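The structure under discussion appears below in the form of structure tokens.
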Protein chains: 2
Amino acid sequence: MIVAMSRYDPSAFPPFAVTVDLVVLTVRDHSLCALLVRRGEPPYQGYWALPGGFVRPDEGLAEAASRELAEETGLRAHSAPGHEAVGPGAAGAHLEQLATYGHPQRDPRMRVVSVAYLVLAPDLPTPRAGGDASSARWAPVSELLGESPADGVPLAFDHGLILADGVERARSKIEYSSLATAFCPPEFTVGELRRVYEAVWGVALDPRNFHRKVTGTPGFLLPSGGTTTRQGGRPAQLFTAGGATVLNPPMLRPDS
Amino acid sequence: MIVAMSRYDPSAFPPFAVTVDLVVLTVRDHSLCALLVRRGEPPYQGYWALPGGFVRPDEGLAEAASRELAEETGLRAHSAPGHEAVGPGAAGAHLEQLATYGHPQRDPRMRVVSVAYLVLAPDLPTPRAGGDASSARWAPVSELLGESPADGVPLAFDHGLILADGVERARSKIEYSSLATAFCPPEFTVGELRRVYEAVWGVALDPRNFHRKVTGTPGFLLPSGGTTTRQGGRPAQLFTAGGATVLNPPMLRPDS
DNA sequence: TGTGCTTATCGTCAGAGAGACGACTATGAT
DNA sequence: ATCATAGTCGTCTCTCTGACGATAAGCACA
């Protein structure tokens, strides 16, 4: 048992390992998917897990998250405006801190505190496996969170819990912010944006009311001038994300 | 320079110190106040800082936050329903994880990652100083965040940033949850609850519309039967917090 | 024993926004 | 040419909010 010790005593403190774990979400053909890597070594060998890794001695937490993301997906992320921001990269995904997990027994080998980050990205090609992960894949979150009748194999460590928190954060945050555009390519149509909301929330939205809402919210969407028919049907106007970050009034999620 | 190392390599990992810091907020005569302790030793000797301390090897993060809170204020907190919950205590304050701060140079002596927790408590007697803090006090956040013309002495470490994040979280969270009741004693009147909103947001609210809103939201308030005149004027009905945690539709903050 | 001050509570009205849904437009497929 | 598909514009109704009048029920003091 440790007796009470001085705050920040530099000579004696219990050492912890600190890692970052990434909840990387994207929308692939009408469903919300998370990036998973397969563990190639014990513990939880062969299980699927969230990508992540150790924080290095000289890097910040967001910096570590951003580095791991680049290593595993090639994505460059821009942090939400705030602390520990990393310079905006080329093909930008949204990155924000999610929460920190530190149960004493969450890793059977040693005391590990993991800072989870949430990444929202547009649809990407199938990920390349990197590092010590023997493979990587996009998995629909509905199969992972027990929302479908037979939920799949559980994730390694407490990653199922972390994933659930990340999904919940994404679901609530697109309600009152313009974050849903992070799931879209640089130019997108109102219909594509609507399908993002539908995939993340798992509901159907009225196309007419949705159109009125998003085009009527100042600063949410900027017309880019062009049109496209890539979804079939009548050509749709293309937009880019506007400067607004907070939606007031929010998008309302049905029933909830 | 560290070369790429295996994920969770148990034999070689950079050691970090992990601490918890507490943003303890309360409402004292019409203003939102934060609990500060004075540092008795370097670095930042003599500066005001957030209460906090090391996480012990065998305790969880929320557990450490709860323990530090009890040590410094005597408060027992119940965590929000969720992970790492601690058993509900007697005189309950709300406790939830805020964010984690890990700039490599945030502590001049060593690499410290600090997990910040947000505590919302009803008005308390002047705090007793505990541990190695030579004194403690409630400070109005408006004096600390540069919202008033002359902001006071800056806080130790990055605690000014952490405090700002905590205040922002509290301000936004009372909008869409029933969390404002955490600032109230077990029984309270609609007027007392309104003064909580006014203090936290720094605005004046219309008493009639506020009354209609909170009494019309199912599950927010439960009439306890009694009345009180402790605020002067006509006796007001007493309520306790209802079971609802999410307000739908939310309380609307003026202008913002 | 009023008179005034304070706070609580109820009501009314106009305007903004959401949900439901009809109608029309502009493409590609057959 | 016709149909299927998706996009876009309008309308109607209902709910909720903000502004604000009116009344109720205590206390302080003359």
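In what follows, every chain begins at residue 1, and chains take the letters A, B, ... in the order their sequences are listed. Computed from a prediction, not measured in an experiment: that's the story for all the values here. Values below: every heavy atom of this structure, side chains too, minus hydrogens, waters and symmetry copies.
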Using whole Å, what does the distance between atom [atom2] of nucleotide [N] and atom [atom1] of [X] come to?
{"X": "F210(A)", "N": "dA6(D)", "atom1": "CZ", "atom2": "P", "answer": "16 Å"}
{"X": "N209(A)", "N": "dC14(D)", "atom1": "CG", "atom2": "P", "answer": "16 Å"}
{"X": "R195(A)", "N": "dT5(D)", "atom1": "CZ", "atom2": "C1'", "answer": "11 Å"}
{"X": "D206(B)", "N": "dG21(D)", "atom1": "CG", "atom2": "P", "answer": "11 Å"}
{"X": "N248(A)", "N": "dT17(D)", "atom1": "CG", "atom2": "P", "answer": "13 Å"}
{"X": "H211(A)", "N": "dA20(C)", "atom1": "NE2", "atom2": "C1'", "answer": "18 Å"}
{"X": "E175(A)", "N": "dG17(C)", "atom1": "CD", "atom2": "P", "answer": "18 Å"}
{"X": "F188(A)", "N": "dG7(D)", "atom1": "CZ", "atom2": "P", "answer": "13 Å"}

Considering only heavy side-chain atoms of Q231(B), the closest of dT7(C), dA18(C), dT8(D) is dT7(C)

The side chain of V190(A) lies closest to which of these nucleotides: dG18(D), dT8(D), dG7(D)?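 Of the options given, the side chain of V190(A) lies nearest dT8(D).
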
Only counting residues at least two apart or in another chain, list the ones meeting side chain to side chain donor-acceptor pair (under 3.5 Å) with S224(B).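 S224(B): side chain to side chain donor-acceptor pair (under 3.5 Å) contacts with E187(B).
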
Please write out each protein N/O paired with an N/O of nucleotides 23-30 of chain C under 3.5 Å, distance rounded to 0.1 Å.
{"from": "dT25(C)", "atom 1": "O2", "to": "R234(A)", "atom 2": "NH1", "distance (Å)": "3.0"}

When we call it a touch if two heavy atoms are under 4.0 Å apart, what does R194(B) touch: a base, just sugar-phosphate, or nothing?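 The residue R194(B) makes sugar-phosphate contact but no base contact.
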
Separation of T227(A) OG1 from L238(A) CG (nearest 0.5 Å): 6.5 Å

Would you give the length of the straight line joining atom OG1 of T189(B) to atom NE2 of H211(B), rounded to the nearest 0.5 angstrom?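 Those atoms lie 9.0 Å apart.
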
Any donor-acceptor N/O pair under 3.5 Å between dG11(C) base and R212(B) side chain: no

Of V37(A), I162(A), V24(A), the one forming a side chain to side chain contact (heavy atoms under 4.5 Å, CB included) with L50(A) is I162(A)

So, is the end of the R171(B) side chain (NZ or CZ) under 6.0 Å from the ring centre of W201(B) and within 45° of the ring's axis?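 Checked: cation-pi criterion not met.
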
Going by salt bridge (charged side-chain N to carboxylate O under 4.0 Å, His left out), name the pairs with one or both residues in residues 229-247 of chain A, residues two or more places apart or in two chains.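 Output for this query lists E192(A)-R230(A).
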
State whether K213(B) places a side-chain N or O below 4.0 Å from either non-bridging phosphate oxygen (OP1 or OP2) of dC16(D).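 Result: no.
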
Hey, do the aromatic rings of F188(A) and F239(A) have their centres closer than 6.0 Å?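 Centroid distance F188(A)-F239(A): not below 6.0 Å, so no.
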
Could you check G191(A) against M251(B) and say which one's nearest nucleotide on DNA chain D is further toward the 5' end? G191(A)

